[in-house]
2 protein chains.
Amino acid sequence: MSEIVEKEEDLGRRLRALRQVHGLSQRELAKRAGVSNAVISLIERNATSPSVGLLKKVLSGFPLSLADFFSLEEAPREQVFFAADELVEIGGGRVSYRQVGRDLSGKALQMLVECYAPGADTGEALLRHEAEEAGVVLAGELEVTVGDRRRVLKAGEAYYFDSRLPHRFRNLGEEEACLVTASTPPSF
Amino acid sequence: MSEIVEKEEDLGRRLRALRQVHGLSQRELAKRAGVSNAVISLIERNATSPSVGLLKKVLSGFPLSLADFFSLEEAPREQVFFAADELVEIGGGRVSYRQVGRDLSGKALQMLVECYAPGADTGEALLRHEAEEAGVVLAGELEVTVGDRRRVLKAGEAYYFDSRLPHRFRNLGEEEACLVTASTPPSF
DNA sequence: CAAAACTGTTAAGTATCCTCAACAGCTTTA
DNA sequence: TAAAGCTGTTGAGGATACTTAACAGTTTTG
């Protein structure tokens with residue numbers, strides 16, 4: 001009957017996000033890890049509590065240790081996506097600085113400008129620890145995946161997340177996508 | 001029949017060390033964690049691969065997250081105990097400095113002098129992360145527990161370990177025990 | 001439009017984890 | 001010298017994790 005276990009500390013959600021950000025299907029991951037695809041489904045829906053041995057197998061498909069995987073559960077779950085009117089104007093002179101993120105107290109970011117050619121893809125997401133990342137799309141459309149949340153961002157929209165969460169950027173459109181990104185620690 | 005699973009990444013050894021350094025019996029830990037004492041025995045002997053849910057219960061008895069627990073398996077297993085003649089003389093003038101540990105390249109320690117009164121006990125071991133600890137007994141006898149390794153050190157003997165491993169010091173003797181200890185980062 | 005290939009989910013059965021209870025060995029008490 | 005306390009281990013059983021094989025839904029191919 002597959003009862004959904006409540007509050008299993010969201011282990012399943014983390015695994016699903018990890019798998020999706022690597023662009024794998026349940027079957028692909030299962031084959032790579034040498035386990036059944038069914039148990040991947042069960043784990044991701046928190047319908048079972050996997051043994052450490054099995055979880056180790058599954059994670060062997062990623063460049064991620066058990067310690068790294070469980071450190072993800074300590075990552076805070078703050079607001080990720082912001083509409084254009086949710087940006088806070090903090091600027092300035094000729095250049096307008098609009099703040100992404102509601103409360104940056106205790107945080108320290110460095111923003112940059114990046115442009116993605118059509119079809120560009122960051123591919124396998126590298127997990128950086130103890131860092132934060134943010135961005136605003138200036139032109140074009142960019143698919144942003146952060147943890148289990150995915151959205152195609154258009155000009156004016158933005159993201160903000162703890163970069164301990166797995167993430168991936170893809171330009172699915174026909175035209176170049178430009179955005180402002182930010183990362184820690186600040187360079188000025 | 002309880003087949004012993006080989007190379008289960010020594011999860012059991014870590015749990016046993018963690019339990020012993022806290023001075024708990026299998027039954028005490030089991031009661032505190034709300035599980036059976038039998039499964040503690042099975043896990044510690046790597047006779048089973050516990051589910052994440054159960055392991056979480058067990059570790060809830062300690063001030064240790066799953067991430068912290070699995071980060072222990074990444075701790076290198078270097079030489080821990082050194083005989084008196086295994087110390088390297090690097091000193092000095094009127095004071096003799098004898099180095100503990102074969103290769104300190106890439107390490108940074110600060111040694112101190114400590115004295116333990118009879119019966120003194122560090123008790124519940126606090127785990128410090130990203131640190132190293134070393135010491136030399138000058139007088140008296142001191143029981144040192146590091147991970148799953150325990151030894152009563154006498155004058156002239158020494159220890160060196162990654163302090164991510166759980167540890168505990170106890171003076172079981174009748175007289176004061178004096179030793180030189182060291183910790184990271186250095187204070188000079 | 002249908003066939004093929006993919007996606008995630010689920011039912012049935014096997015393997016394994018986990019609990020309960022008992023056991024053997026060692027220390028302390030009477 | 002038990003007897004009662006503890007220690008860690010083990011066997012039998014029920015609970016559940018895991019596999020295999022099938023299902024339903026969506027996208028791709030012909």
Side-chain angles (χ1 to χ4, degrees), chain A residues 1-61 66 69 143 145 147-150 152 168 170 172, chain B residues 1-61 66 143 145 148 150 172:
Chain A
M1 214 52 51
S2 78
E3 297 245 343
I4 302 298
V5 178
E6 296 293 339
K7 268 301 177 189
E8 178 58 40
E9 210 59 48
D10 241 354
L11 184 152
R13 183 186 293 268
R14 297 205 306 282
L15 179 61
R16 172 161 293 182
L18 188 64
R19 174 177 62 81
Q20 289 180 338
V21 91
H22 280 258
L24 296 176
S25 69
Q26 291 182 341
R27 280 181 170 78
E28 287 172 334
L29 173 58
K31 184 176 181 181
R32 186 189 290 204
V35 302
S36 70
N37 60 296
V39 78
I40 302 290
S41 173
L42 292 169
I43 292 171
E44 288 187 351
R45 291 176 298 106
N46 293 319
T48 190
S49 179
S51 74
V52 171
L54 185 106
L55 187 59
K56 191 179 194 69
K57 276 194 199 173
V58 172
L59 293 182
S60 69
L66 283 169
F69 179 76
E143 182 202 59
T145 307
D148 61 327
R149 286 167 283 189
R150 174 179 297 176
V152 175
R168 181 184 204 173
R170 288 197 295 178
L172 302 176
Chain B
M1 216 50 52
S2 78
E3 298 245 344
I4 302 299
V5 177
E6 296 294 340
K7 267 304 176 189
E8 178 56 43
E9 210 59 49
D10 240 354
L11 185 152
R13 183 186 292 267
R14 297 205 305 282
L15 180 60
R16 172 162 292 183
L18 187 64
R19 174 177 62 81
Q20 289 180 339
V21 91
H22 279 258
L24 296 176
S25 70
Q26 290 182 343
R27 279 181 170 79
E28 288 172 335
L29 174 57
K31 185 176 181 181
R32 186 188 289 203
V35 303
S36 70
N37 60 294
V39 80
I40 302 290
S41 173
L42 292 169
I43 293 172
E44 288 187 350
R45 291 175 298 109
N46 293 319
T48 190
S49 179
S51 75
V52 171
L54 184 105
L55 187 59
K56 192 182 193 67
K57 276 194 199 173
V58 172
L59 293 183
S60 69
L66 282 170
E143 181 202 59
T145 307
D148 62 326
R150 173 177 298 175
L172 303 176

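By convention in this document, chain letters (A, B, ...) are assigned in the order of the sequence lines, proteins followed by strands, and residues within each chain are numbered from 1.
- The shortest distance between the side-chain N/O atoms of R45(A) and the OP1/OP2 oxygens of dT9(C) is below 4.0 Å.
- Residues that satisfy the side chain to side chain contact (heavy atoms under 4.5 Å, CB included) test with A38(B), not counting sequence neighbours, are S36(B).
- Under 4.0 angstrom from either OP1 or OP2 of dC18(C) there lies at least one side-chain N or O belonging to S51(B).
- Between S36(B) and dC18(C) there is no side-chain polar atom (N or O) within less than 4.0 angstrom of OP1 or OP2.
- Whole-Å rounding puts the I43(B) CD1 to dT10(D) P distance at 15 Å.
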For DNA chain D, what is the dot-bracket line, given that a base pair needs Watson-Crick (N1 to N3, plus N6-O4 or O6-N4) or G-U wobble (N1-O2 and O6-N3) geometry with both distances under 3.5 Å, and | means paired with another strand? ||||||||||||.||||||||||||||.||

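- Put simply, CG on L55(B) is 20 Å from P on dT16(C), counting in whole angstrom units.
- dC18(D) atom C1' lies 19 Å from atom NZ of K56(A), rounded to whole Å.
- Taking side-chain N and O atoms only, Q26(B) has a distance below 4.0 Å to OP1 or OP2 of dT9(D).
- With hydrogens and angles ignored, the 3.5 Å screen pairs no side-chain donor or acceptor of N37(B) with any backbone N or O of Q26(B).
- When side chains are defined from C-beta on, V39(B) does not count as touching V58(B), because their heavy atoms never get closer than 4.5 Å.
- Going from atom CG of N37(B) over to atom P of dT9(D) covers 10 Å, rounded to whole Å.
- OP1 or OP2 of dC17(C) sits under 4.0 Å from a side-chain N or O of T48(B).
- N46(A) has its CG atom 15 Å from the C1' atom of dT9(C), to the nearest Å.
- Of the two residues near DNA chain C, E44(A) and R27(B), the one whose nearest nucleotide lies more 5' is E44(A).
- Listed nucleotides dC18(D), dC18(C), dT7(C) differ in distance to L42(B); the shortest reach to its side chain belongs to dC18(C).
- Regarding K31(A), its NZ atom lies at a distance of 17 Å from the C1' atom of dT19(D), rounded to whole Å.
- Between S41(B) and dG8(D) there is no side-chain N or O to OP1 or OP2 distance below 4.0 Å.
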